[in-house]
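All values below come from the heavy atoms of this structure, side chains included, with hydrogens, waters and symmetry mates left out. What you are looking at is a predicted structure, and each value in this text was computed from that prediction instead of being measured. The chains referred to below are lettered A, B, ... by the order of the sequence lines, with proteins before strands, and numbering in each begins at 1.
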Protein chains: 6
Amino acid sequence: MSTPFDTILMTGAAGRLGTELRRGLKPLARKLRLADVTEIADLAPNEDAVTFDLADEAAVMAAVEGVDAIVHFGGAPLERPWQEVLDSNIRGSYHIYEAARKHGVKRVVYASSVHAIGYHRLTDQIDAEAPHRPDSLYGLSKCFVEDLGRLYWDKFGIESVMLRIFSSFPEPADRRMLWSWLSFEDCNRLVSAALTAPSVGFTISFGMSDNRVKPVDNRLAGHLGYQPQDNTEAFRAGVEARLPRPDGTAPAVQCLGGWFVDLGHPDDEAQK
Amino acid sequence: MSTPFDTILMTGAAGRLGTELRRGLKPLARKLRLADVTEIADLAPNEDAVTFDLADEAAVMAAVEGVDAIVHFGGAPLERPWQEVLDSNIRGSYHIYEAARKHGVKRVVYASSVHAIGYHRLTDQIDAEAPHRPDSLYGLSKCFVEDLGRLYWDKFGIESVMLRIFSSFPEPADRRMLWSWLSFEDCNRLVSAALTAPSVGFTISFGMSDNRVKPVDNRLAGHLGYQPQDNTEAFRAGVEARLPRPDGTAPAVQCLGGWFVDLGHPDDEAQK
Amino acid sequence: MSTPFDTILMTGAAGRLGTELRRGLKPLARKLRLADVTEIADLAPNEDAVTFDLADEAAVMAAVEGVDAIVHFGGAPLERPWQEVLDSNIRGSYHIYEAARKHGVKRVVYASSVHAIGYHRLTDQIDAEAPHRPDSLYGLSKCFVEDLGRLYWDKFGIESVMLRIFSSFPEPADRRMLWSWLSFEDCNRLVSAALTAPSVGFTISFGMSDNRVKPVDNRLAGHLGYQPQDNTEAFRAGVEARLPRPDGTAPAVQCLGGWFVDLGHPDDEAQK
Amino acid sequence: MSTPFDTILMTGAAGRLGTELRRGLKPLARKLRLADVTEIADLAPNEDAVTFDLADEAAVMAAVEGVDAIVHFGGAPLERPWQEVLDSNIRGSYHIYEAARKHGVKRVVYASSVHAIGYHRLTDQIDAEAPHRPDSLYGLSKCFVEDLGRLYWDKFGIESVMLRIFSSFPEPADRRMLWSWLSFEDCNRLVSAALTAPSVGFTISFGMSDNRVKPVDNRLAGHLGYQPQDNTEAFRAGVEARLPRPDGTAPAVQCLGGWFVDLGHPDDEAQK
Amino acid sequence: MSTPFDTILMTGAAGRLGTELRRGLKPLARKLRLADVTEIADLAPNEDAVTFDLADEAAVMAAVEGVDAIVHFGGAPLERPWQEVLDSNIRGSYHIYEAARKHGVKRVVYASSVHAIGYHRLTDQIDAEAPHRPDSLYGLSKCFVEDLGRLYWDKFGIESVMLRIFSSFPEPADRRMLWSWLSFEDCNRLVSAALTAPSVGFTISFGMSDNRVKPVDNRLAGHLGYQPQDNTEAFRAGVEARLPRPDGTAPAVQCLGGWFVDLGHPDDEAQK
Amino acid sequence: MSTPFDTILMTGAAGRLGTELRRGLKPLARKLRLADVTEIADLAPNEDAVTFDLADEAAVMAAVEGVDAIVHFGGAPLERPWQEVLDSNIRGSYHIYEAARKHGVKRVVYASSVHAIGYHRLTDQIDAEAPHRPDSLYGLSKCFVEDLGRLYWDKFGIESVMLRIFSSFPEPADRRMLWSWLSFEDCNRLVSAALTAPSVGFTISFGMSDNRVKPVDNRLAGHLGYQPQDNTEAFRAGVEARLPRPDGTAPAVQCLGGWFVDLGHPDDEAQK
């Protein structure tokens, strides 16, 4: 049977989500090209690998050649000092989009983050048209890449789906993840939907499982066809027994970004 | 057991959807009056038939006498030259509403169409308050009838439900119908809901099955109580195998109206 | 000095507003082509005239040849029986747009009307995105032409400005016109702005002078550059002395359409 | 196993819903303190009771001491003369909030009502940001308490959830309840969700079961995590057989408040 | 010359604004009936006076007899202990509306306040549809009366205009009043507009002069026809020289309600 | 007389707008610190100058010491190759905000640009809550700085005003500037308003003079108190005589960004 794509490039392929996506994307392409700054050894027959730093424009350019679609999950996965955020997330993502433009790639799926809108509150029930409110340099870099994708759609006709992933871990690790969790299976469903939806133009989607507490309104991404199948109820009793009921008036509880809103500046931390 | 209505008039009763609706409406009325420009021979005991052209005002007036509700599915079902759209859809629907007014009919359910809003894009995720953007003379006539119904509600107190039907066929015939399909059973559910909802005033509802990819937001019709039971997943593999992945940047893929947005003017075509 | 346009066609040129517009449009075109069903005798050197019924498609087609822009003010100017509304406003306007398409006219300015949205109330403070709520067959035909213009912009790239004129008379004749009045000078300013604004795509603008009581919100037409200079304050004392304070709870006082909302069906009237 | 709360105070504990809530809240607190103007005799081991009138500020103050959360369902449950509404609902609820403030209670869940927004229509499909439109003095008092809760959140940091309960009865008693019904089990789910949601600030939620006809849009309360499990379909045939199809144009059918919109002033009634 | 009204009742006539309104309302009615808890001695020929407490229902009822319209500016004009707010603002205003209902008064103009929405911020740029966010018991009582007026419009057809007055003083007394000031002349213009606008139904309007800094969006009251003529620029230099530049991040500077948001509970204060 | 600020730092002080702002800001601070990559020689007594590149973090840090407010107009003023945009606009602005944070500066006024939202159309009539749609790398960098300012407000309490300047030149140079022009005097008024408004939090304002054609809706910045005094009417005849009427359907005419939307990628250009 033929696959929708011939070759998909996945960045961040050695990361927490990347590993899961190797499995999830398998049915979608004849060939997965796995990219990471860390070498990947355990290649399956449908996979090949390239090892480079996203800050290396030439390497990115080479990796994108011959690719049908890009699943861009690479870069720093949480708050880091400015120079690192700048190199891996801002410059690195710019290299990805430039390579897509030069090599005629038609669609990019990007791992944006809840931290691009982390200062909005659960009670705001924002949708995808709410303004950016980053909660960290990390979140700020996600905002940048969203805007970058918007430019490349408006000017160069490259479609993008920005997945604002909340918390994708093996299981919910704390009280907040009871509403923010995205199971690995649902993450695969979400990325697959974003790759195969008929028309996405420039689309932003929140990325969560079908948890009971819903912190945002994802109706504006209905055309992706993402249907989460998992939720956190099986984990609730365990988490609630282990961790105390939070203070609903604390900023880290009120805000989508959770404890990121309590973080200071990473460069201050770095100096300590 | 008594039925909600005594007599329902259904126009377009010999058409593709009309045939299905004969079955679906049966539990709702003691008598179904079937109207079409084509004669209908296979009448069931609960049915009678009238044969006329919607452009014939006197015939319409006669057909509406003694009716409790009208399910108006008649008229040209796709793009046609102006004169035909004018006669069957604009003038014909005006005759229906005038007859409803003169004979005291309290509710009309109309087969409007996605083509009344065909130039909106999937990524717009419009709801029922979005402005008209017809994609054809056919769609323009649907806009006219929606506004006509609005006038007859505001001025004469006749309730209307405008069903913007997307694609109601035996099964999804192409890639677009994977999101636009309305199964015949769901079409029956939708029309039944529109007829029996407690209060509809002037209501617009999109008409699709519960397909995975959702191109519009139907929350403003929640009071109809329409709950689709079908979807296109069973057909997906077959359709996708048969037809290539579309170019997400083509207008006919981006827009709700599909290939209608690529149509030229029907009178130009007619001259060829 | 050169004018922005070479030839402008104005329909309804013998009507109440048409006469004023002959003066107002003079600086905008080398030649004004005046069209009306009534013959126009007093032609100025920059004018020529054509006499025909808008229902006559061939005549409309001939009149549009060689034209740069159309100011379409022709058709029935108030509530009329259906057949007349159909012929002059619906069919007539269709002929205008078809002629524009066939002869490559790039912009149409249309005299729509408050009666396209007459059932909205002053307290609603609607803007141009509010749904149609016609208050009459006349208003319904205005809705139709607005949607027609939308189609010809989306499909054929013809720009349109829909001017929802409230009450354009020599002076405010009643209490309602103290807020609905559009002076003839402001009407000229409005049409001129609509013709010369840099980019209008499909634009709807309300048409009133700068009266103290503002029944709607016209901010969505800011790109037309219409700046009314007149208002009704000079007429207020006279009107208020002559006519009693209205009952604020009467539909005709609450609704934008005024006494049109109290009208019955024109065909009923015609039969009396 | 530990419970989320140590002691919850429930007012109106002897009322129709209060009785059900005693069962529903049991898993949430070590101790339920039941308050009502009527004495409660059948106490379970986890319950104690206090008997007083909400208009008695000192009694309210005493009852709130040592409480973690308040479920405030007390007060007049339907339209009553002004003095009674004033004493039990306005003054009484003020006493509750004052007691919460003075005793450091962090969250209040209040039985507001559909009658706070009863003049909105089903076709409006309002959400929680729609303005108040009370349909009775009873509804007006609910509006007051909602605003009171808002003040105590903004100024004193006390979280509130305002549950606009539609119709919570053993089963749907009439046609309207086919869409307005809230089963007792779902009522328990809703109150439990409101008590345990991580962050509620000031939240308004509509309270209905998962009925087919949905009269309002509850998406803005997604962060409560309320998932109704019941609906009225099992009762539909019985109700529809027993009661005639309503006139969709009657105010009591169009409006959320139902027959409350037809009520006159209660003090007029009281005098009769 | 005849006046729009025969008799207008003005409550709070001895207050700061009441004194100014006696002058402003003079042209609008043959007779002004001045009501206050304080006796008014200096009556003009067009005035008579009644002295009573708003909490005295019978007295209110008597004062309203024979009145065409009510300008209700009475009650506590700033934060007061609960019992006083309850008696003068909540109960008192209820008496006014009941009297209007019983005596057939058709329009009420009420002095609501910025403190009904005091916790919204300038940067929110709210309009009249924003939810209530009272900043005090005083503000809470204003919310109550707004909802009361809404009920009496929906149920009894009495029109109301709710004027959310910001700061009406002889001149701007502090930095905040540079944007919140309503001159006495503009206050008269606003009340006159509210009384004489053709149709107000239930309308909320913000009440400020045409100051340079605009903290809210008043477009939804355009149908009142209020056109402020004054502003604070003449006072700016004096105020700015006298008072330091405020800290833009202080709640009392960010919020519409100013220093009211810093107030504690008035009953706490009263006990000191 | 004392000034609102002691020392204001202005970056880009040698640029086109910087020169004008030196005059405009003079009344606002005892001392203006002028920063540019180009040396400034003609210092007035109230001015001192610092010369450095914004990419030099240490130099930026030094320049900000002792400053009350920053007017950040430095960086590349139009489309440039990526490396230059990155260094001067992205990295440079990050240095400014970091310096503000470390030196306790409370307010930053930034020269954002129409090019941050250049792909929106005039007919969209966007307001400040519309999503970013950059039309160039230059515009993308403006989006980045807006989000940066948002982060520093939410996390560090530094107020920012983002001025989306349209076209600030000595006079309107082309047809587009007839609506996009910001006179130098109005630019000074705008920056002064942004510096002195009582509370700005994070505010976005469009920057244009009071031109007749209004391409956007600036109501959400009402609290800045910016009142433009200039417009382009005096230049209209000259510009229109010199330049042909534009094609209203061309992207560069439809879009706010003008000819920027027609630009290719600057690095492609750089290679030619």
Could you tell me which of D262(E), L137(E), D147(E) has the largest number of non-hydrogen atom pairs under 4.5 Å with chain D? D147(E)

side-chain contact (heavy atoms from CB on, under 4.5 Å) for D154(D) and D135(E)? Distances and angles first, verdict last. CA-CA 8 Å; D154(D) 278 332; D135(E) 58 21; over 6 Å; no

Residue S136(E) versus chain D: region with a heavy atom under 4.5 Å: backbone

I need the contact set between residues 83-101 of chain D and chain E: heavy-atom distance under 4.5 Å, sorted by residue number. L86(D), I90(D), R91(D), Y94(D), E98(D), R101(D)

Segment of Y152(E) engaging chain D (4.5 angstrom heavy-atom cut-off): side chain

Answer with side chain, backbone, both or neither: which region of R150(E) has an atom nearer than 4.5 Å to a non-hydrogen atom of chain D? side chain

Select all residues of residues 111-121 of chain E having any heavy atom within less than 4.5 Å of some heavy atom of chain D, and report them by number, or 'none'. Y119(E)

Any heavy-atom pair between the side chains of D268(E) and K102(D) that's under 4.5 Å? yes

Mark yes or no for whether K155(E), through its side chain, and L263(D), through its backbone, hold a donor-acceptor pair below 3.5 Å. yes

